[in-house]
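The chains referred to below are lettered A, B, ... by the order of the sequence lines, with proteins before strands, and numbering in each begins at 1.
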There are 2 protein chains.
Amino acid sequence: MPKSKFEHIYRDLKEKIESEEYPYMELLPSENQLIEVYDCSRNTVRRAIKLLATEGYVQSQHGVGVRSLYRPIHRTNYLIGGIETFKDSAIRNNITTSTHVISFEDIICDQKLAETSGFEVGTPLYYIKKVRCIDNKPVILDINYFNKRIITDLTKEIVEQSCYDYFENELHIDIATSKRLFTVERVTKQDQENLELNDYNCMAVIRGHVFTAGSELFEYTISRHRPDYFAFADTAIRKHV
Amino acid sequence: MPKSKFEHIYRDLKEKIESEEYPYMELLPSENQLIEVYDCSRNTVRRAIKLLATEGYVQSQHGVGVRSLYRPIHRTNYLIGGIETFKDSAIRNNITTSTHVISFEDIICDQKLAETSGFEVGTPLYYIKKVRCIDNKPVILDINYFNKRIITDLTKEIVEQSCYDYFENELHIDIATSKRLFTVERVTKQDQENLELNDYNCMAVIRGHVFTAGSELFEYTISRHRPDYFAFADTAIRKHV
DNA sequence: GCCGATTTGTCCGTATGTATC
DNA sequence: CGATACATACGGACAAATCGG
């Protein structure tokens with residue numbers, strides 16, 4: 001059940017676009033028509049359309065209307081996008097997965113780690129290394145640093161299930177902003193020891209900083225993916241300069 | 001000169017954040033204060049803040065205020081983000097670059113190309129292959145398909161300068177939406193023949209679909225980067241479900 | 001624990017500008 | 001030229017979260 005009028009409109013339009021009730025390259029109903037359909041103000045439909053545009057679903061044309069840019073995607077591989085958990089993504093892509101924790105320690109943030117992680121020196125952290133398997137093949141190596149001032153009573157067992165289920169549903173932590181840096185880097189000894197790499201000598205690497213709704217840095221993670229199990233989709237809108 | 005009030009506020013706040021006048025983790029002035037400073041309505045300051053939030057510069061906290069999440073980045077390598085041209089990016093990163101066109105042909109879109117590119121079968125296209133050098137090292141291979149119904153009179157010489165300068169300043173084409181898919185793929189024979197790859201056996205690959213403001217598909221490009229000359233930054237905001 | 005001040009979140013209605021047809 | 005459609009901006013109302021007294 002959508003909380004807000006805005007969200008209702010956003011979801012409804014998105015669904016109609018995905019189901020191709022509004023097909024690729026066709027115009028949606030005009031803003032004025034949508035105002036009547038959803039019984040709301042102009043600003044509210046515009047907010048929904050704006051969000052759909054930033055997600056690449058539609059594009060507004062001044063003096064013309066709003067056009068669908070959505071085409072169904074057909075990809076076999078693993079796909080990430082937005083702030084999505086590994087599990088969500090796996091379910092969405094209909095893939096069987098498992099997680100194996102290979103290291104679970106308490107550490108204190110030192111000077112060197114502070115520079116890359118963004119945690120303050122002296123912050124108590126969980127340091128976790130885990131291998132993620134897709135279709136029983138170990139293909140992703142995750143290195144997590146969680147802020148112990150925010151995350152409490154974490155166990156190996158929880159990590160093997162889903163960290164984010166625990167954070168959100170048990171600890172009621174609101175995740176708000178996530179910044180990521182994507183690079184492609186050489187395979188390390190650590191990768192070779194823990195993953196099945198075939199002859200790949202590079203990995204897709206994502207370094208992520210995650211903040212709570214209270215603006216505390218709560219997670220720093222390095223996620224190393226075998227190339228053939230990595231893909232990332234992005235939409236950019238040219239700023240109206 | 002900013003066209004709109006909104007843009008002025010957005011730029012001014014961004015500058016103050018980047019110059020750390022509003023430092024990392026500190027609160028910006030409240031919306032009501034900003035209304036007075038910029039002599040505008042609440043919605044207008046909120047639009048600016050919203051955009052800064054989607055770019056990872058700030059985060060709003062209900063009942064508290066808006067906090068800066070900006071920390072200066074220090075990277076030596078090549079960085080892309082948003083819809084930025086190769087040239088812009090190079091200038092921003094203070095790097096010398098050059099472009100060498102190795103193939104420039106007119107083709108017609110066939111069935112196979114239509115599936116990946118999204119152009120309709122029969123669309124006349126420019127097919128261009130070029131190598132981009134950074135610090136005189138050939139490290140990026142670009143394969144462009146441009147819609148000839150939109151792009152006219154393109155020449156090898158223009159491509160060697162800057163396609164986008166020509167498209168925007170000469171042809172006055174407005175670029176609006178760009179969708180990209182990032183993957184990491186095996187080095188091909190084509191890569192080996194044209195680039196200096198050392199012993200890397202993978203490439204960072206970006207496949208991009210670009211639409212005009214008129215919602216016409218105008219470009220499909222495959223851009224293959226040597227791993228050590230590739231990085232991409234991204235910010236995601238959790239949807240308030 | 002309660003109340004009030006402050007701050008952001010959501011929503012509305014209206015006016016004006018500008019692009020398209 | 002007029003009708004339609006999106007873009008920008010204003011001002012107001014109320015809700016929800018936070019914090020201090």
Residue mapping more 5' on DNA chain C - nearest nucleotide basis, B:Leu28 or B:Asn43: B:Leu28
C:dG9 OP1/OP2 closer than 4.0 Å to side-chain N/O of B:Lys50: no
Set of side-chain contact (heavy atoms from CB on, under 4.5 Å) partners for A:Ile150, sequence neighbours left out: A:Asn147, A:Ile173, A:Thr212, A:Glu216, A:Phe218
d(CG, B:Leu51; C1', D:dT8) in whole Å: 15 Å
Residues within residues 32-42 of chain A bordering DNA chain D, heavy-atom distance below 4.0 Å: A:Arg42
Under the salt bridge (Lys or Arg N to Asp or Glu O under 4.0 Å) test, residues paired with A:Asp110 that sit two or more places apart: none
Whole-Å distance separating the CD1 atom of A:Ile49 from the P atom of D:dA5: 12 Å
Between D:dT8 (C1') and B:Ile9 (CD1): distance, integer Å: 12 Å
Sequence-distant partners of B:Lys156, salt bridge (Lys or Arg N to Asp or Glu O under 4.0 Å), two or more places apart: none
Length of the line joining B:His8:NE2 and D:dA7:P, which is rounded to integer Å: 23 Å
Strand-adjacent residues in residues 57-64 of chain B, judged by heavy atoms under 4.0 Å from DNA chain C: B:Ser60, B:Gln61, B:His62, B:Gly63, B:Val64
Any residue meeting side chain to side chain donor-acceptor pair (under 3.5 Å) with B:Thr221, in chain and number order, not counting sequence neighbours: B:Asn144, B:Glu219
Matching residue for B:Lys148 among B:Thr123, B:Asp153, B:Asp106 - test: side chain to side chain donor-acceptor pair (under 3.5 Å): B:Asp106
Exceeds 12 heavy-atom contacts within 6.0 angstrom, atom CD of B:Glu105: yes
Qualifying residue for ring pair (Phe, Tyr, Trp, His ring centres under 6.0 Å) with B:Phe146, from B:Phe167, B:Tyr220, B:Tyr127: B:Phe167
Spacing of A:Arg67 atom CZ relative to C:dT20 atom C1', expressed in whole Å: 12 Å
N/O (side chain, A:Thr44) to phosphate O (OP1/OP2, C:dC12) under 4.0 Å: yes
Between C1' of D:dG11 and NZ of B:Lys5, the distance in whole Å: 12 Å
Nearest-Å distance for atom pair CG/P, residues A:Leu27 and C:dT20: 14 Å
Straight-line distance of A:Lys129 NZ to A:Phe104 CZ, nearest 0.5 Å: 14.5 Å
Closest nucleotide among D:dC6, C:dG9, C:dC11 to the B:Glu31 side chain: C:dG9
Distance test, side-chain N/O of A:Arg46 to OP1/OP2 of D:dC6, below 4.0 Å: no
Paired nucleotide for C:dT10 [Watson-Crick or G-U wobble; both distances under 3.5 Å]: D:dA13
Residue pair A:Thr99, A:Glu160: steps toward the side-chain hydrogen bond (donor to acceptor under 3.5 Å, both in side chains) verdict: CA-CA 5 Å; A:Thr99 302; A:Glu160 272 167 357; over 6 Å; no
